Amino acid sequence: MISSGEIIETIKMISEENLDIRTITMGISLLDCAAETTKESCNRIYEKITRYAHRLVKTGEDIEREFGIPIINKRISVTPISLVIQSCKDVDCVRFAETLDRAAGEVGVNFIGGFSSLVHKGYTKGDHMLIDSIPYALSATKLVCSSVNVASTKAGINMDAVLQMGHIIKKTAALTKESGGIGCAKLVVFANAVEDNPFMAGAFHGTGEGECVINVGVSGPGAVKSALESVKGQEFGVVAETLKKTAFKVTRMGQLVAQEASKRLGVPFGIVDLSLAPTPAVGDSVAYILEEMGLEKCGAHGTTAALALLNDAVKKGGIMASSYVGGLSGAFIPVSEDAGMIEAVSCGALSIEKLEAMTCVCSVGLDMIAVAGDTPAETIAGIIADEAAIGVVNSKTTAVRIIPAPDKKVGDLIEFGGLLGSAPVIAVGGYSSKGFVTRGGRIPAPMHSLKN
Amino acid sequence: MKRAIITVIGKDMKGIIAKVSTLLADNNINIMDITQTTMQDMFTMIMLCDITDMDTEFSALAESLEVLGNSLGLSIRIQHEDIFNSMHRI
């Protein structure tokens with residue numbers, strides 16, 4: 001029998017340290033829902049999603065109850081919609097978004113991802129239509145998440161798409177002005193997007209995936225911080241070991257839940273995503289882990305090194321705990337969703353430049369960052385280009401989820417509520433990027449992409 | 001065999017085992033092992049149970065244990081054994 005100490009440890013991790021399964025995400029292929037008319041295609045999409053996912057939420061709740069582990073979110077990711085709309089003669093993208101929204105509402109999930117487009121090398125007809133419609137789609141729906149991949153290590157950076165996304169983000173903020181520009185919180189611009197990411201807002205069901213799959217994202221910054229408290233002041237070898245052991249335990253639980261969900265739903269198990277995903281709840285913060293390592297505030301010099309150690313140890317600990325690891329697998333540093341990050345930005349310890357440096361060593365990128373409402377689209381495009389360059393050159397996923405909060409100035413705070421939290425408006429560089437981002441074309445793939 | 005672990009955490013008092021085991025017996029659940037310790041100033045009882053033949057739904061049982069716990073000022077939870085095995089055993 002398992003020892004009392006081990007049982008109590010598990011219970012303490014769950015009840016006091018906010019250990020949870022962040023998401024069970026069902027990936028569904030919609031490739032067979034393409035049709036000649038929007039109406040027919042939307043009917044097929046609605047029917048397929050509700051047929052595949054009708055037991056998802058109930059199954060998640062059953063597992064939650066029986067294993068005593070909270071499963072915070074049940075979600076759906078679908079084939080990038082830009083691929084599904086291509087054969088329609090009367091494309092109405094917003095209607096596609098509304099269909100996804102309705103299907104998600106019907107099965108009771110809290111987000112559906114995949115209103116997406118992959119344009120790292122170029123646009124197809126469908127990509128143009130989908131991207132143009134993003135601001136309208138996100139303002140007309142509640143549960144739909146959108147993502148656009150603008151760069152990859154193999155293809156380079158599509159600067160036309162980078163510039164367009166600057167404008168799309170501004171427009172999305174304007175159309176969702178009443179709610180603080182919340183549309184932008186559901187829009188991610190990627191470099192090297194992954195096909196099996198279970199986390200929102202960037203989840204979509206890639207074309208290399210099967211018909212339907214279950215992916216699970218684990219979490220547990222609180223448990224990691226608590227483990228580190230027991231090795232205060234000790235050298236880094238000890239810190240890394242402690243992180244690895246905790247990550248192993250957290251991931252084993254994710255693996256168990258993933259297998260159980262897959263078995264009960266009769267859907268193949270895809271991957272476990274080994275990510276440390278914070279929430280605004282106190283004690284569930286990645287920034288606090290970095291501070292526990294000895295930094296006075298997240299953002300102090302040494303933060304990038306601390307994050308690199310954390311990110312690496314989480315992977316090393318998790319890799320043996322799961323049969324298939326995938327998704328983004330790394331520490332997330334979304335500003336608005338992390339109590340410690342919010343404090344660090346508010347007190348001036350953490351700047352956008354430092355955040356950019358941190359994204360070089362973790363997943364994913366500049367995430368949930370609010371900037372002043374009058375930030376020019378070209379500046380946002382410049383931020384995206386920098387982040388894409390980091391991803392492309394380092395062969396990793398990077399992303400930008402930025403909110404140019406309408407009518408807000410640096411220092412103001414915007415409230416999104418729930419898991420999205422609240423974000424202090426951060427200062428960005430004052431000099432223009434316009435001449436650079438408007439050149440157009442594609443930045444070629446880096447030398448080391450030529451591996452064959 | 002399906003096995004679950006019941007944990008009772010809180011302030012020690014008379015009749016805890018009697019009340020919990022009566023509830024289990026009423027639901028046709030066999031207790032296979034019990035350990036009892038005081039950890040971090042808290043009374044902790046852990047029961048390993050065989051729930052193969054139980055004549056109630058898992059969620060209903062979890063709820064009645066929770067209700068019993070609340071009436072005694074204790075935290076009582078039931079979880080499938082697999083979660084502990086997967087976390088602590090390779």
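Computed from a prediction, not measured in an experiment: that's the story for all the values here. The chains referred to below are lettered A, B, ... by the order of the sequence lines, with proteins before strands, and numbering in each begins at 1.
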Should A/Q259 and B/D82 count as side-chain neighbours, where that means a heavy-atom distance under 4.5 Å? no
If you check every heavy atom in residues 62-76 of chain B against those of chain A, which residues fall under 4.5 Å? B/A62, B/E63, B/E66
Please report the closest heavy-atom contact between B/M87 and A/T10, naming both atoms and the distance. SD-OG1, 3.3 Å
Between B/F58 and chain A, which part of the residue has a heavy atom less than 4.5 Å away: side chain, backbone, both or neither? side chain
Evaluate the side-chain proximity of B/H80 to A/E260: yes if any heavy-atom separation is below 4.5 Å, no if none is. no
Heavy atoms only: give me the nearest B/F84-A/I2 pair and the separation to one decimal. O-CD1, 3.9 Å
Tell me which one of B/I46, B/T44, B/T35 satisfies side-chain contact (heavy atoms from CB on, under 4.5 Å) with A/I7. B/I46
Toward chain B, the part of A/S15 with a non-hydrogen atom under 4.5 Å: side chain
Which heavy-atom pair separates A/L256 from B/S86 by the least distance, and what is that distance? CD2-OG, 3.6 Å
Structural part of B/T7 lying under 4.5 Å from a heavy atom of chain A: side chain
Mark yes when over 12 heavy atoms from residues, nucleotides or ligands other than B/M13 sit less than 6.0 Å from its CE; otherwise mark no. yes
Please classify the contact of A/E9 with chain B as side chain, backbone, both or neither, using a heavy-atom distance under 4.5 Å. side chain
Considering only heavy atoms, give the residues of residues 218-245 of chain A separated from chain B by less than 4.5 Å, sorted numerically, with 'none' for an empty result. none
When rounded to the nearest 0.5 angstrom, what distance separates CD in A/E66 from CD1 in B/I83? 11.5 Å
Under a 4.5 Å heavy-atom cut-off, does chain B meet the side chain of A/I14, its backbone, both or neither? side chain
Side chain, backbone, both or neither: which part of B/L61 has a heavy atom under 4.5 Å from chain A? neither
For A/R65 and B/A60, indicate whether the former's side chain and the latter's backbone hold a donor-acceptor pair under 3.5 Å. no
